[in-house]
Structures are given as C-alpha cells and as structure tokens.
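Accompanying notes for the structure given below.
Note that the numbering runs from 1 along the sequence shown for the chain.
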Amino acid sequence: MNSPRPDSPARLTRREFVAGALVSSSLVGGGLRATAAESPLNTDPGFVGPAYFDDAERRALLEVCETASPFRYWGPGQPRKVQGFEEAFAQYMGTKFALGVTSGTAALDCAMAALGIGPGDDVIVPAYTWWSDYTCVVHSAALPVFAEIDRSLTLDPEDLARKITPRTKAVIAVHLLGGPCDMDPILAIARGRNLAVVEDCAQCVGGSYKGRKLGSLGDIGIYSFQINKTITSGEGGALVTNDPRLYERAVRFHDMGGYRPLFEQRTGGAREPVFAGENFRMSELTGAVLGAQLPKLERMVADLRRHAGAIYAGIRDLPGIRLRQQPDPAGDIGHSAFFEVRDKTTRDRCLTELRRRSVPASTLVGSVLLPVEEAVMAKRARHPAWPSFQTAEGRTIQYGPAACPQTLEIFDRFVQIRVGPKFTERVDQHLVDSICQVWAALG
Ligand SMILES: *Cc1c(COP(=O)(O)O)cnc(C)c1O
C-alpha cells in the first residue's frame, strides 16, 4: 500500500465527508433531506478526545504554566501531573503499575526492552496492524513473524499456534479498530508455550474483555494517546503491568537506565541492574491534558457505543449480511461498525454508493498490511547488516502476500463505517437507511 504514512486515511476521508455532506444531504433520493428547520446532516466522525476538551484541560495546562514546571521530576513548583495520571490510569485499568511515555510506539519499545527481547528471538505480530508492532521487534534486533487476522480483524489464535517456533519469545495481541482480541485462546496458547503476551490497546483504550480492561490480561499492556485514538494529548503513550520486574525494566529503558525514588516506592525497591536506555519521559504538559481526559473516557466510550450499537441494530437483520466477528461485543469501544461483502468488486461498489450518500465508509483504515509493504518485503532496517535479518531464520524468512493470504482476503471484503462520538440520532438513522438502500441495490 502506498498510503501516506501516519493515520492520514482518516484525514482524507474526513475532508471528503465534510464536502460530501453539504451536497448530498439535500440531493440524494431516499436519503435524509435537510428541511428548513433542520441543520444539514454532519456525518463527519471527527476526532474523539478533542471533542471533549473543555475547561478541565485548560485549567490543568494553565497550572503547569503558572507553576513554571513542565518537567515531571523537578521544577520551581511541585510537578505531579504525570505521576497523578499514572496512578489514576493504573487504577482505571486494574493493574498495579502504569508508566507514562512519549508515544504508543515508545511504550512498545519499552515493552520489548522490559521482556528482554533480543537477537535470535521471534516475536509474533498480526499481519494487519500499525507499523509500531513491527518496528519495536526490529529495533530490539529480534525477528518479526506475522500471523493472520480472522473475521474479528484481530489475531487468529489458530494461526498464532501454527507460527510458534522454539525461538518465539512473545506475541503482540493487538486490539484493533476498537475491538478486543479473543484473549482466552491467545492466553492459553501463550501460557502453554511459555510466551510473553503484550497487549497493544492503542486503538482500543477503554475497551474490555469479559469484564477486564484491555491491557490488564497479558504481561504488559500499551496505549497511545495520539489524536486518532481515544483520550488524547496529541502525542503520548502508556504502559501497564502487574509485574514489578517488568515495570522496573520498562522504567529504566524509558529514562536512560535510571530508577528514581518514586518508582522504587511503587515497587518496593530496585531489583534489576542498570542497562542502556532511551529518553521517552512524558512531560507535565502531556500529563496535564491526559489527567483531564481520563475521567471522560467512560463517557467517550459510552457515546461511541451508543452510535455503533444503533448502526449495528439497524443493519443486523439485512438478508445475508455478515457483521464483524466480536469475541466480546460488550468490550468493543464502538470506534466503527463493520460488515463484510462477497468480494472486492462488491466492496468498491458499496463504498462508492455509501460515499455518495455521505456515509463515512471506507476500507479498513488506520493500519497497514505489513507483510506486503515494500520496506518489509525488502527487510530494510536502518543498517544493511541489522541483526534481525542476519540469523539463519532472518535470511530465509519471506514476507510478501504469501505470508498472509487470509488477511489480504479479509481486508478486501470488509467495509468500515466510522462512528463519531457526537453523532446525532438523525445521523445514525441516515447511516442505517443508506446502508440498507445500498445493500438492497447490491443484490
Ligand atoms: C497508533 C498505534 C500505535 C502507536 O502509537 P503512537 O502513539 O502513534 O506511537 C501502536 N499500535 C497501534 C495498533 C496503533 O494504532
């Protein structure tokens, strides 16, 4: 795929929808017409977190400015924003420890470092996910091995089992596009083969699986607070775990190897030696915004779920329709609604017709089909002798379409309908009516 890099599909479609909404709300036969009393229909899903910005974020940021203390560990004031956010976040997720970092990508790098992943190790990653799940493995000098997704659009547990070798050290279970992975079989397989489980919850912050918050089921959970996710500070990330040793190693990696008194207090002292780290420390400005966003997360998820639920309820009984498989429907955050058509040609016709009606419809967005990316197929790292691809397995492994035929087929058949937290019931109804019309027309 040659889409421009980070998250731009959402931006492109956003412009398209705004432009489309103005024209078609009054023109499309059978769609909703804007009457004099009604405002034009706005089907632009927008961004989630920023739609909830209010005085809470403003006040928290002002406090950081007024105390002149934007650094989390010291300053003229008593900086506590990141610390407070970490404590609230761990409590919300139901884990012992949380660490704020600069991005979800940084959190994944910390997870790999915490687990001691390195040269000669395999890490299993879904074939359809965001770049960072691949780059964190490459940057730890280990070998990324792709597993297929299934109709849940997340890791296929059967293919996970098939991809395990004596070298496999970990699996990254990615809760993609607002929906949880099927964690029971994934955890059973991983425990049986002694693999660590990292849960990537970047696209599913606030989601759950059988009553437990995502990120708290595996060994380590990671989150992103970039604008396309849920709660946001523009950029930002976090890592959670219940294991004090993993936490200590993640903390050391994110702060040049150090382990400050705050962390010693949390884990009851240091246990691990210093090793070479990075600087992925979160600033107080970021912590301020996140501290104000977190208490709104439940409301954001409830709003998204209400609209996604209305769309699913309205299309569920269409003859022959197949919705996205949901390992735990109650745990889905309602980021989008998804259904499957018979083939790629039908999907493309469906998208054209839906977009004519200003429906925010697209192929699956926000991630990449990694095994068919040119840089992945070429095994190109930042140095030609990068250790990931110098082992016997690294030299022989082949990426490309043959590494993920099931994922490519599933990708081609799915239609995604973005959900906006501020949609109205009128918008929900318009989306349902439009999908029903298009479904009937497709035959
Ligand atoms: C966004 C995302 C990341 C990375 O988060 P950043 O904060 O953008 O670095 C990791 N994994 C998935 C699945 C994502 O969607």
Between [X] and [Y]: side-chain donor-acceptor atoms closer than 3.5 Å:
X    : Y    : answer
S233 : T286 : no
E148 : T407 : yes
D433 : Q429 : yes
S152 : D150 : yes

Taking only distance into account, with no hydrogens and no angle test, what donor-acceptor pairs under 3.5 Å do side-chain atoms of residues 396-405 form with protein atoms, sequence neighbours excluded?
| unit_1 | atom_1 | unit_2 | atom_2 | d |
| --- | --- | --- | --- | --- |
| T396 | OG1 | A392 | O | 3.0 |
| T396 | OG1 | E393 | O | 3.3 |
| Y399 | OH | P144 | O | 2.6 |

Kindly give the heavy-atom pair with the smallest separation between P371 and A127, and that separation in Å.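 Heavy-atom minimum between the residues: CD-O, 3.2 Å.
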Atom of Q203, atom of S367 and distance for their closest heavy-atom approach: NE2-OG, 3.1 Å
Point-to-point distance, once rounded to the nearest 0.5 Å, from [atom1] of [X] to [atom2] of [Y]:
X    : Y    : atom1 : atom2 : value
I311 : L431 : CD1   : CG    : 5.0 Å
D184 : I186 : CG    : CD1   : 9.5 Å
I417 : H335 : CD1   : NE2   : 12.5 Å

Start with the C-alpha distance between Y128 and F411, add both sets of side-chain angles, then the distance that settles ring-ring contact (aromatic ring centres under 6.0 Å, His included), and finish with yes or no. CA-CA 8 Å; Y128 181 63; F411 180 89; 5.5 Å; yes
Can you pull out every ring-ring contact (aromatic ring centres under 6.0 Å, His included) where at least one residue sits in residues 169-223? Sequence neighbours excluded, please. F89-Y223
When you measure from the centre of the six-membered ring of Y52, is the NZ or CZ of K422 under 6.0 Å away and within 45° of the axis?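 K422 over Y52 ring: yes.
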Decide whether a cation-pi geometry holds between K213 and Y92; the criteria are a distance under 6.0 Å from NZ or CZ to the six-membered ring centre and an angle within 45° of the ring axis.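 The answer is yes, since K213 meets both limits relative to Y92.
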Between R347 and D343, is there a side-chain N and carboxylate O pair less than 4.0 Å apart?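 Salt bridge flag = no for D343 with R347.
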Check: F225 ring centroid to F85 ring centroid under 6.0 Å: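 So the answer is yes for these two rings.
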What pairs of residues pass the salt bridge (charged side-chain N to carboxylate O under 4.0 Å, His left out) test when at least one of them lies in residues 106-123, not counting sequence neighbours? D121-K169, D122-R167
